[in-house]
Trainee: 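Right, I'll just put the structure down here and ask away after.
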Amino acid sequence: MSEPDISAEETDGRAAATDEANVEPESAGAPADTPLRVANLRKTFGGIVAVDDASFAVEAGSLTGLIGPNGAGKSTTFNCITGAHKPDSGRVEFQGERITGLRPDQIANRGLVRTFQIARSLEEMTVLENLMLAPKGQIGETLWRSVVPGARGKVVAQEEELRERVWETLEFFEIDHLAGQTAGSLSGGQRKLLEMARAMMTEPDMLLLDEPLAGVNPTLEHKLLARIHDLQDEGYTFLLVEHDMDVIMQHCERVIVMHQGSVLAEGEPSVIRNDERVIEAYLGEDV
Amino acid sequence: MTGESGSGPESGGDPPGDGSIRAVFADMFGRIERSDVLIVATAMVAVYTLFMIFVLLRLGITTGTPNAIASAWRELTFLFAAYAMLALALNLHWGYTGLFNIGVAGFMAVGVYTMALLSTSPDAVSGQGLGLPLPIGVIGGMIAAALVGLVAAVPALRVRADYFAIVTLGLSEIIRLSLNSRTLSDWTRDRFGFATGGGSGIDLPARPTDALFDTAAGEALIDLFVVRIGGEEVTLVAASVIRRFTWALVMLGIMIGFYWLLRRIGYSPFGRVLKSIREDELVAQSLGKDTRIFKIKVFMLGCALMGLGGILWQGSQGFVSPDSFRPIVTFYVFVAVIIGGSGSNTGSVVGALFFVSLLFLAPRRIGGIVDARLDLIDAPGTFAGAADPLVSVFNAEPMLAYTIDNISALQFILLGIVLILIVQNRPDGIMGHRTETAAAVDLNRPNRGEEDE
Amino acid sequence: MGIVKHTITNRPSTDALVVGFVAVVGGALLLDLLARFAAIEIPLLWGITFGGQTTLASFASLLWSGIVVGLIFGLAGIGLSMTYSILNFANFSHGDLLTTGAFTGWGAALLVAGWGLADVGYLLTVRAGSGPGPTEIGASIVSAPLAVAIGALVAASLTVAVALAIDRTVYKPMRDRGGIALLIASIGVALILRYVIQFIYGSRNRGITSTEGVRRDVLGVSVNLHDLTLVIIAVSLMVAMHLLLQRTKLGKAMRAMADNKDLALVTGIPTERVVQATWVLGAGLAGISGYLYVLERGTAEFNIGWFLLLFIFAAVILGGIGSIYGAIAGGLVIGLVHEVSLIWIPSDFNAAAAFAIMILVLLYRPEGIFAGVSTA
């Protein structure tokens, strides 16, 4: 993987943040106020450029929206950040550390956890199992500890602690009545809640939500947004890809607009709403 | 909470580390659902009774009947234990982790042949080993199977399930063809002093239980089955049957060990990750699980168990040749897992029992009964010879005799039909619909009332 | 085609490694071969030598048998590749369709060639039991060309009929199921076919064709006319398949469905009819392949097709699943590897060599070695 030189040619307001990161990329003193920074990200499939020189940063504790017309490269950006795709070039930093090209599990273990556009629940596992799976540092995930009689006691003790947290989380998301059902039997909206709950069980520092409201009925949508705000109040950071402009404009304090693979605009909703380029980009697509 | 029967094996109440005997027991075995024991026990009683009836139908009641029943039960127990072990190992790969391994026979072969090359005597009639003690051979066989699994797994685990199937089948055929090779056998004999014997196979060490019968206790056991009827000594069960039955019972015990191990894996955080890999690997990765490590570990463990299963089965009969490891053996094991329901350990055991008894052994037994009781004409040598009287003079007897004579072909056809019917109508098998919750504890809401619904 | 689900891998570097490895091994083998032609032999380690003795004539003969077997793999591979890409599953009963064609076809051929020499049942069941020998019946391209031709037609049509019946009863109710469920069902079908054949035709390995006068001089070269017949029929069928897929509406529909089933459905392609056409073509070719394979080797037993299955899979995988040209090319490569490798390795290892190549391709280049060169 070639290391792109990102210190050159910074063009707009994002330069400050990325520049700073570039001076001391692995330093412990990386700014705590922007846990996620993406710089000059590029990803092509065959001859098609899906993400083209995208750069942005997400502020700590914020609920940031990532929007853009179809094919703007939002999902690909997401996949590049979380390790599902390997970017061709560019840099992704999380909490001051470079995570570009790491495997999805390595990125998740650093506290950056995602959900999926089409909820990917583990269908034949129960809601309880789904949640029990998520926590990090489970000693019982080592084969011998799960098997050898003497070591098993500690596993059981940890499982009991986790069970406690699982039930709290289920109650928080108000899906405790579904606990024993298989995930495959849930409705689309319930699965989205399950996915959020499961992601929370990993105790992440930041959550990437890929269209968390797609296919969710209004009541559940309300519930989900309320939970997101609750968690935001607790200090969690969110980056959220969403198709529904109204939701983004109402709920996010910052918005990033992507168009044709790169970042078109970035700012507060009120600014974005009146940005000529954004309007043009959306009008051009007839939305 | 729904009252699902198959939740965690240990009750949530037992405090861990409690030194009481009950707690230790619970830690060792968990609480196997009473329903599971009942299912297996009922099925076994039914099948063993059926086989007794088969013998009675064929022989009636004679002095030879007890021996024939014991012999039938011995065969049943032996094959049941063998297939259950392999089905459990395959269930770990396929049922739990979604690794579609159709090279089971190959991993068995690696286990058996490594054991043979290590422990067979250097002056055996066919093939040559190093003559090391048997335990070294057995452990070596398991390690070798696991290592071949590792070599296969590292590159293969990232390809699609159907490609993985073809890779494992190809590998198992390469193993079999290599063992079959006279050239390879001669070459290793000249260079290293051990040899597979190629297509003519290799002699194996004796069953460890056979030594028991050289002792006074063993002889006493054999004498137990010799009775006096009207002043005449009658051997109810022959010594050879007792010897081999003893071994079958040892295998049954080891099979229970397999079950214990796999069940313990299933009801653990480790098993939970395996299940999530089967369901959606990217989800598991996105939750921070390094799925590669889990897959490699589980593949190696399963392969080692297949190697051990092979050793206890094919390796216990004094002699083995590469022909015992044709792909059909793998398909048999698959049928056992599919009947039982992939993903369920208890299902694998029950599936193995039904496969061995109803599909594998019963057709031959029934053929034997018809042959003995109906006093049919001599079977025509060819299908044409049997079909001709059926078509020209509506005489079905030659066709019936021909059918009985070729019952083994019909048995494969029956197997194929059963496989298709299950996949079409009941892909979850007998017990696959159950949820065997993957957790080391009961996940139900602990110590709380039902009021906060 | 399904999407290959792999986590992040660094393709270019492994590709370079593989290409490098193949180049080194290939170069070494070529040098060794040249040394063998020149009868140079240099001892290396452990009794292994560089070079040796191989005459040009024996090399040419290996090359020729490689092509003959390769054409069988390729012809049978077309059908397997088509079912794999259009119906989305690895058909483990494909080999037994070859056996079906071999036995039904040769039953008919023997009946025509040996009419009056033995009873009908004996001839139809391809010499099950006792009766006149193959030479007496005289089923060969020289003495009974008509019988051989009729046999080929019967092989194709009965195999098609069997395949369509199986599709209706087994696969049709499972159209919406995943590839693994269908794969398992196809194992069931394979067992049924193989042992129905054993039940009807018996398990004996028997001689079938007559080889009297089959070896002739053609343009100064001694040629086995059965091999030649095989090559001519196989190549003509391959050309016919090419024309069918490229020129006809059906062919275009099939290619569209192989590319993207959902899209094909949306655009109004009658998918169920395309599926049937796939079986007709795939099974027809499989039946004829089995029939021709027996023409070439002269004998048959009930599991010949099963033994061929892995080779056919190897051919299809090598060429890239879904491409008929790939299947043909892959078949030729596997055939040549199977035969020419005998120069270097003992004959009890050449099958293993072919399988090893298949595994390596699956692992390191699952899209096939000719991917990007052609599509069909």
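Remember, predicted model here, so these are calculated numbers, not experimental data. Per chain, numbering begins at 1; letters A, B, ... match sequence-line order.
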Trainee: What part of Arg110(A) is in contact with chain B, defined as an atom under 4.5 angstrom from a non-hydrogen atom: side chain, backbone, both or neither?
Mentor: neither
Trainee: So what's closer than 4.5 Å to chain B heavy atoms on Glu123(A): side chain, backbone, both or neither?
Mentor: both
Trainee: Between Phe100(B) and Trp94(B), what is the ring plane arrangement, given parallel below 30°, perpendicular above 60°, and tilted in between?
Mentor: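 Aromatic pair Phe100(B)/Trp94(B) classed perpendicular.
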Trainee: Under 4.5 Å heavy-atom distance to chain B, tell me which part of Thr202(A) shows up: side chain, backbone, both or neither.
Mentor: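 When you check distances to chain B, only side chain atoms of Thr202(A) fall under 4.5 Å.
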Trainee: Which bit of Ile293(B) comes within less than 4.5 Å of chain A, counting heavy atoms only: side chain, backbone, both or neither?
Mentor: neither
Trainee: So, are Glu211(A) and Lys192(A) salt-bridged, with charged N and O less than 4.0 Å apart?
Mentor: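 Salt bridge flag = no for Lys192(A) with Glu211(A).
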Trainee: Highest number of heavy-atom pairs under 4.5 Å with chain B: which of Val155(A), Leu143(A), Leu170(A)?
Mentor: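 Maximum pair count with chain B is reached by Leu143(A).
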Trainee: One pair to check against salt bridge (charged side-chain N to carboxylate O under 4.0 Å, His left out): Glu93(A) and Arg98(A). What are the steps and the verdict?
Mentor: CA-CA 4 Å; Glu93(A) 275 176 36; Arg98(A) 191 186 136 95; over 6 Å; no
Trainee: Using non-hydrogen atoms only, which part of Pro204(A) is less than 4.5 Å away from chain B: side chain, backbone, both, or neither?
Mentor: neither
Trainee: Would you call Glu141(A) and Lys289(B) a salt bridge, taking side-chain N to carboxylate O under 4.0 Å as the test?
Mentor: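 Salt bridge present between Glu141(A) and Lys289(B).
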Trainee: May I ask you to decide if Asn130(A)'s main-chain N or O and Arg272(B)'s side chain share a donor-acceptor pair within less than 3.5 Å?
Mentor: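 No: the side chain of Arg272(B) does not pair with the backbone of Asn130(A).
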